[in-house]
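Report on one structure; see the data block that follows.
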Amino acid sequence: MEHIPVEVIGNILSGLGGARDVLIASATCRKWREACRKHLHTLSFNSNDWPVYRDLTTSQLEILITQTIFQTSGLQGLSILMDDVDEFSASTVIAWLMYTRETLRGLFYNVRTTPNVNILEICGRQKLEMLKLSHNLIAGVEPNFQRFPCLKSLSLSHVSISALDLSLLLTACLKIETLELINPEIAMSDAQVTIELSSPTLKSVYVEAISLDKLILEADSIESLHLKDCALELFELIGKRTLKHFKIDDVSVLHLDISETVENLEFVDVSNFTIIWPKFYQLFSKSSKLRRLRLWDVVFDDEDGIVDLETIAICFPQLSHLSLSYDLRDGVLHYSLQGSSNLVNVVVLELGWTVINDLFSCWVEGLLKRCPNLRKLVIHGVVSEAKRQEECLMLADFTSLMVQLMRKYMNVDVQFEYE
């Protein structure tokens with residue numbers, strides 16, 4: 001052990017992450033204490049990691065964190081996540097940030113203070129590459145002064161911010177590639193809440209639990225877009241056809257406009273969503289490079305709402321992974337399997353039900369015939385604790401049918417996943 005370079009020991013201690021573990025390990029010997037002081041580059045204080053954090057008073061916590069941080073030099077990653085902890089003194093938190101800001105590359109910050117600490121003012125114009133803020137107030141953004149020349153990843157969770165400040169903050173991040181917005185509290189300046197965001201460097205956007213009238217995103221380099229648990233009247237994406245991954249989950253949106261950016265899409269995941277099939281076709285018909293399509297718990301809001309396999313086979317010739325789960329009504333099954341075009345490149349097929357019936361078994365068999373090169377079939381099902389006799393018989397019949405089908409398709413690997 002005495003031959004390990006002190007820089008390597010610093011890397012080992014940084015891998016521990018948690019401040020408590022780092023302090024215990026650094027007590028090994030003088031050399032390890034030196035590594036902690038001079039070569040530690042990552043440090044984390046998380047109230048969920050150690051129950052004792054919650055037993056300490058706020059003043060004791062402030063002293064403990066201050067002593068630990070001030071024993072280090074050159075910290076590159078600092079995480080201070082204090083859930084369910086009383087408010088800290090703003091002057092103490094400012095001292096932590098001022099001491100570390102010149103070397104910090106990543107800051108994860110969830111600390112309530114009195115008064116509010118302006119993180120942007122303290123950490124702006126520095127070398128920060130990743131910033132994750134939770135339960136904070138952001139106000140009065142000055143992009144010319146609070147500029148982030150190196151920031152690549154920004155995450156705002158339960159943050160209070162105005163639509164204008166959010167737009168200005170994104171403008172201040174000159175190299176940003178990843179943006180996360182999770183349940184932000186958007187300050188309303190008028191009756192209609194509209195957010196317009198623009199960045200030429202953004203590649204990945206994740207938006208969760210946001211309720212707005214309009215969200216307009218202009219991102220010429222965007223590759224991945226994920227909307228979850230949102231309520232929007234209008235969402236518009238303006239870009240240059242760089243989008244490759246699109247995921248939408250439990251979203252209510254009246255007008256979804258992304259059709260000009262979908263030409264190079266490779267992955268589409270739509271779940272817990274209501275849509276009209278012609279509208280879906282209109283949105284994604286240009287995505288001829290699509291390799292993976294997932295339509296899960298989708299409700300088609302029209303009388304003839306079906307997943308048209310013929311259209312899928314023709315529009316997405318490179319499709320290799322298909323996942324489908326939706327309500328199979330009488331009459332729908334026949335029309336959904338109409339046509340003669342096969343899904344020749346599909347090698348993985350996932351099918352799911354919420355209520356098992358005879359139609360599902362016929363649907364599985366019909367889809368197997370349309371996928372001549374299939375290698376893997378995954379059946380997802382919901383099995384309730386209490387079952388009537390007829391439900392048990394239906395499940396037994398389905399199992400028997402699957403056994404018979406698999407004798408015909410010996411080359412297909414079959415898996416069942418129940419919940």
Side-chain angles (χ1 to χ4, degrees), residues 75-81 93-94 97-98 100-111 116-187 193-210 212 214-227 230 235-240 242-245 261:
L75 273 183
Q76 296 179 19
L78 178 61
S79 178
I80 308 175
L81 307 176
V93 175
I94 290 173
L97 298 175
M98 293 293 289
T100 58
R101 67 175 184 172
E102 292 186 3
T103 59
L104 272 187
R105 299 292 187 274
L107 174 62
F108 294 75
Y109 180 89
N110 180 8
V111 182
N116 183 65
V117 173
N118 192 330
I119 300 294
L120 306 184
E121 184 176 332
I122 297 173
C123 297
R125 307 179 311 282
Q126 302 296 329
K127 299 176 182 178
L128 204 62
E129 297 177 2
M130 179 182 292
L131 176 60
K132 186 171 184 177
L133 297 180
S134 300
H135 298 97
N136 277 262
L137 168 66
I138 297 176
V141 176
E142 296 288 346
N144 293 326
F145 178 68
Q146 298 163 344
R147 192 169 288 267
F148 291 86
C150 302
L151 196 70
K152 293 184 178 181
S153 178
L154 174 65
S155 175
L156 303 177
S157 176
H158 299 84
V159 167
S160 178
I161 189 171
S162 70
L164 177 60
D165 281 333
L166 180 56
S167 179
L168 291 174
L169 177 56
L170 197 60
T171 303
C173 304
L174 304 180
K175 296 182 179 180
I176 188 168
E177 296 181 359
T178 302
L179 174 65
E180 286 187 353
L181 294 175
I182 302 173
N183 197 15
E185 182 181 335
I186 306 297
V193 183
T194 300
I195 291 183
E196 296 185 22
L197 303 176
S198 178
S199 170
T201 58
L202 261 181
K203 293 183 179 180
S204 176
V205 176
Y206 175 80
V207 180
E208 179 181 347
I210 192 169
L212 294 170
K214 296 180 181 179
L215 176 56
I216 301 172
L217 175 63
E218 184 175 356
D220 289 344
S221 303
I222 191 167
E223 297 178 1
S224 176
L225 174 62
H226 186 177
L227 304 177
C230 297
F235 177 83
E236 182 179 359
L237 176 63
I238 303 171
K240 291 185 176 179
T242 57
L243 189 65
K244 294 182 178 179
H245 297 258
T261 64

request  = Please test L217 against V207 for side-chain contact (heavy atoms from CB on, under 4.5 Å), starting from the C-alpha separation and ending with a verdict.
outcome  = CA-CA 11 Å; L217 175 63; V207 180; over 6 Å; no
task = Just do the side-chain contact (heavy atoms from CB on, under 4.5 Å) check on D220 and T242 with the steps written out, would you?
result = CA-CA 7 Å; D220 289 344; T242 57; over 6 Å; no
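At a threshold of 4.5 Å between non-hydrogen side-chain atoms, the residues P184 and L156 do not count as touching. Considering only heavy atoms from C-beta on, L107 comes within 4.5 Å of L97 through its side chain. Side-chain contact check for T178 versus L154: every heavy-atom pair is 4.5 Å or farther apart. Residues L78 and Y109 are not in side-chain contact: their nearest non-hydrogen atoms beyond the backbone lie 4.5 Å or more apart.
The one candidate from L202, I222, L169, L166 that meets the side chain to side chain contact (heavy atoms under 4.5 Å, CB included) condition with L179 is L202. Of the residues S199, S198, P200, the one that meets the side chain to side chain contact (heavy atoms under 4.5 Å, CB included) test with E218 is S198.
Residues satisfying the side chain to side chain donor-acceptor pair (under 3.5 Å) criterion with H158, sequence neighbours excluded, are N183. Annotation: side chain to side chain donor-acceptor pair (under 3.5 Å) contacts of S155 (sequence neighbours excluded): E180.
At least one donor-acceptor pair under 3.5 Å links the side chain of T171 to the backbone N or O of S167. Within the 3.5 Å criterion, the main-chain N or O of T201 finds no donor-acceptor partner in the side chain of S221.
Across all their heavy atoms, L174 and P149 have their closest contact at CD1-CA, 4.3 Å. When all heavy atoms of C230 and A209 are compared, the pair lying nearest together is SG-N, 3.9 Å. Taking all atoms of both residues into account, the shortest heavy-atom contact from Q146 to G140 is OE1-O, 4.0 Å. Here the closest non-hydrogen pair linking L181 and L197 is CD1-CD1, 4.3 Å. When all heavy atoms are compared, the tightest approach of T261 to L237 is OG1-CD2, 3.4 Å.
Taking CG of L227 as the start and OH of Y206 as the end, the distance is 10.0 Å to the nearest 0.5 Å. A distance of 9.0 Å separates OG of S153 from CD of E177, quoted to the nearest 0.5 Å. Atom NZ of K214 and atom CD of E196 lie 8.5 Å apart (nearest 0.5 Å). Once rounded to the nearest 0.5 Å, the distance linking CD of E185 with OG of S160 reads 4.0 Å.
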In a table with atom names and distances, give each donor-acceptor pair under 3.5 Å that connects a side chain of residues 119-138 to protein atoms at least two apart or in another chain.
| residue | atom | partner | partner atom | Å |
| --- | --- | --- | --- | --- |
| R125 | NH1 | F145 | O | 2.9 |
| H135 | ND1 | N110 | OD1 | 3.4 |
| N136 | ND2 | S134 | O | 2.4 |

